Amino acid sequence: MLEIRHVEGVAELPAAWDSLAQEYFQTREFLAHCEAENPCRQNYILALKMGDEGDLGLVGGAVCYRLKIDILAFLKIPSAFKLKICGIPCSVSASGLLGTAEGQEACGAAFMGKKSGLKLFLNLYHNPEEVQGPEELFMKGLISGPTFPSVCIDQPPPSWEAYIKALRSPYRRWLKTILEKASPLRHAEGDCSRFTGRHYQLYRQVLARSDGKLETLGISFFQRLPSRFRLESLYSGDELVAWSIFLNWKDRFYFFLTGLEYKRLGEFDSYFALLASLVKRGIESGAARIELGQTTEWAKCRFGARLDGRWMAGAHPNPLVNGILKLGRPLLAYRGKSPNFRVFKEKP
């Protein structure tokens, strides 16, 4: 038997929560940072296994928050709705559900049962229309569709030299051209306390061009990131032209966020230079999986990445509103096409 509990802050989450985390962004460390720097009425659902002698342990969890969101963002149509969301309160590809299939089903059902209004699951790892087993119980009847996929490199080559050797000749020449064009840039790495107002300006430039933005983060969000996050900055002389934030966690390497000076983008191919640096860092870290985020999939797939699907699903208790959402489902879904690049001579 499972018992459901609702808590209002990370401080109330048991230590066992982190043992269920499949990705870093589901951990208490990152969720506490989001509570402090991006407050949006976060709350959490726990599923605990109960036996004759009481609590047998945590088996599931859900991260929940409230936000106004443009659900027609893919069509660039302003459409602000106040939603109750099960997801990570930051634009990352991790799901807001964690734990065993039974635990996720119980937490998902509890989330859908809370009060009224439009509810949305973000970044589900499986297509709700294809799920079989315990999870299908709460997903049945939800309106679902694909959202931005995660772009990743699984089991990368053991070294940067091996990676370059594995590339087909057109991509090897392309990468060499990118690196030569970016060679005048100076790279600087440090912790995120070095994040300046200029870094933030470049973040806002990227945000203004993003189709899938959910929130605008404040500068302190970046400056106070946990110490595991690292900031790489690219300078032309004394001018910052691009930056990225990345981190390692267990066997994963994550590209988190970026900023670009678009006026000088073509001069140095600075975005491709950042991606090349990130792929190299990910390989040299020994990660089994390099996570490159959810956008600019065509650029990232040129480095040999693949798309790992993500889905969103939701419902409204009002049948009329639900019917309208169902009719508009094709307009709400991500409609990008999967790039088909043959980057490697053979599978690395």
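Along the sequence shown, residues are numbered consecutively beginning with 1. Everything quoted here is computed from the prediction, not taken from an experiment.
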Nearest-0.5 Å distance, [atom1] of residue [X] to [atom2] of residue [Y]:
X: Ser144; Y: Leu124; atom1: OG; atom2: CG; result: 8.5 Å
X: Gln104; Y: Leu20; atom1: CD; atom2: CG; result: 9.0 Å
X: Cys90; Y: Leu31; atom1: SG; atom2: CG; result: 10.5 Å
X: Ser270; Y: Leu240; atom1: OG; atom2: CG; result: 10.0 Å
X: Cys64; Y: Leu120; atom1: SG; atom2: CG; result: 11.5 Å
X: Leu167; Y: Lys176; atom1: CG; atom2: NZ; result: 13.5 Å

Between [X] and [Y], is any pair of side-chain heavy atoms under 4.5 Å apart?
X: Leu265; Y: Val241; value: no
X: Asn123; Y: Thr147; value: yes
X: Ile283; Y: Lys280; value: no
X: Leu257; Y: Phe222; value: yes
X: Arg306; Y: Ile153; value: no
X: Leu46; Y: Ile4; value: no
X: Glu215; Y: Leu217; value: yes
X: Leu307; Y: Cys301; value: yes

Please check if the side chain of [X] supplies one atom and the backbone of [Y] the other of a donor-acceptor pair under 3.5 Å.
X: Gln26; Y: Gly96; result: no
X: Arg310; Y: Ser93; result: yes
X: Thr177; Y: Arg173; result: yes
X: Thr100; Y: Gly103; result: yes
X: Asn43; Y: Arg41; result: yes
X: Lys119; Y: Ile85; result: no
X: Thr196; Y: His199; result: yes
X: Glu161; Y: Ser159; result: no
X: Asn38; Y: Pro89; result: yes

Are the charged groups of [X] and [Y] less than 4.0 angstrom apart, N to O?
X: Glu261; Y: Arg198; result: yes
X: Asp251; Y: Arg289; result: no
X: Arg281; Y: Glu189; result: yes
X: Lys181; Y: Glu267; result: no
X: Arg264; Y: Asp269; result: no

When the ring centroid of [X] is compared with that of [Y], is the distance short of 6.0 Å?
X: Tyr171; Y: Phe344; result: no
X: Phe221; Y: His33; result: yes
X: Tyr254; Y: Phe25; result: yes
X: Trp298; Y: Phe341; result: yes
X: Phe121; Y: Trp311; result: no

Kindly determine whether Tyr44 and Arg5 satisfy side-chain contact (heavy atoms from CB on, under 4.5 Å), including the steps that lead there. CA-CA 8 Å; Tyr44 309 88; Arg5 295 179 189 172; over 6 Å; no
At their closest point, which heavy atom of [X] faces which heavy atom of [Y], and how far apart are they?
X: Pro158; Y: Ala162; answer: CD-CB, 4.0 Å
X: Arg342; Y: Arg168; answer: O-NH1, 2.8 Å
X: Ala315; Y: Leu118; answer: O-CD1, 3.6 Å
X: Leu260; Y: Val206; answer: N-CG2, 3.6 Å
X: Arg172; Y: Ile164; answer: CD-O, 3.4 Å
X: Phe30; Y: Ile88; answer: CE2-CG2, 4.0 Å

Where do Phe229 and Phe246 land on the ring pair (Phe, Tyr, Trp, His ring centres under 6.0 Å) test, with the steps shown first? CA-CA 6 Å; Phe229 287 82; Phe246 59 90; 9.5 Å; no
Applying side-chain contact (heavy atoms from CB on, under 4.5 Å) to Val343 and Arg302, what does each step give before you reach the verdict? CA-CA 7 Å; Val343 174; Arg302 293 185 73 176; 5.5 Å; no
Could you state whether Met50 and Leu2 fall into the same hydrophobic cluster, counting links through intermediate Ile, Leu, Val, Met, Phe, Trp or Tyr residues with side-chain heavy atoms under 4.5 angstrom apart?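 Unlinked, Met50 and Leu2 end up in two clusters.
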Would you say Leu48 and Val59 are hydrophobically clustered, going by side-chain heavy atoms of ILVMFWY under 4.5 Å?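 Per the 4.5 Å side-chain linkage, Leu48 and Val59 are not co-clustered.
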Would you please test Gln22 and Tyr125 for side-chain contact (heavy atoms from CB on, under 4.5 Å) and show each step? CA-CA 11 Å; Gln22 182 177 337; Tyr125 296 127; 3.7 Å; yes
Begin with the C-alpha distance, continue with both residues' side-chain angles, and end with the deciding distance and a verdict on side chain to side chain donor-acceptor pair (under 3.5 Å) for His187 and Ser233. CA-CA 6 Å; His187 292 242; Ser233 304; over 6 Å; no
Could you check Leu185 against Ser183 for side-chain contact (heavy atoms from CB on, under 4.5 Å), going step by step and ending with a plain yes or no? CA-CA 5 Å; Leu185 296 176; Ser183 60; over 6 Å; no
Plane angle bin for Tyr203 and Tyr200 - parallel if under 30°, tilted between 30 and 60°, otherwise perpendicular: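 Ring orientation, 0 to 90° scale: tilted.
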Would you call the rings of Phe303 and Phe272 parallel, tilted or perpendicular, taking 30° and 60° as the class edges?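 If you compare the ring of Phe303 with that of Phe272, the planes turn out tilted.
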For Asn248 and Ser285: C-alpha separation, side-chain torsions, deciding distance, then whether side chain to side chain donor-acceptor pair (under 3.5 Å) applies. CA-CA 8 Å; Asn248 285 96; Ser285 75; 3.2 Å; yes
Please report the C-alpha distance between Ser150 and Glu291 in whole Å, then the side-chain angles of each, then the deciding distance to 0.1 Å, and finally whether the side chain to side chain donor-acceptor pair (under 3.5 Å) criterion is met. CA-CA 7 Å; Ser150 180; Glu291 295 270 4; 2.7 Å; yes
Checking side-chain polar atoms at under 3.5 Å, does Thr296 have a donor or acceptor matched by the opposite partner on Tyr271?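 A donor-acceptor contact under 3.5 Å links the two side chains.
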Check the side chains of Ser91 and Gln294 for a donor-acceptor pair under 3.5 angstrom, ignoring hydrogens and angles.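 Result is no, nothing qualifies.
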Residue pair Glu29, Tyr24: steps toward the side chain to side chain donor-acceptor pair (under 3.5 Å) verdict: CA-CA 9 Å; Glu29 179 180 85; Tyr24 168 73; 2.6 Å; yes
In this structure, are over 12 heavy atoms from other groups packed under 6.0 Å from Arg28 atom CZ?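 Count over threshold, so yes.
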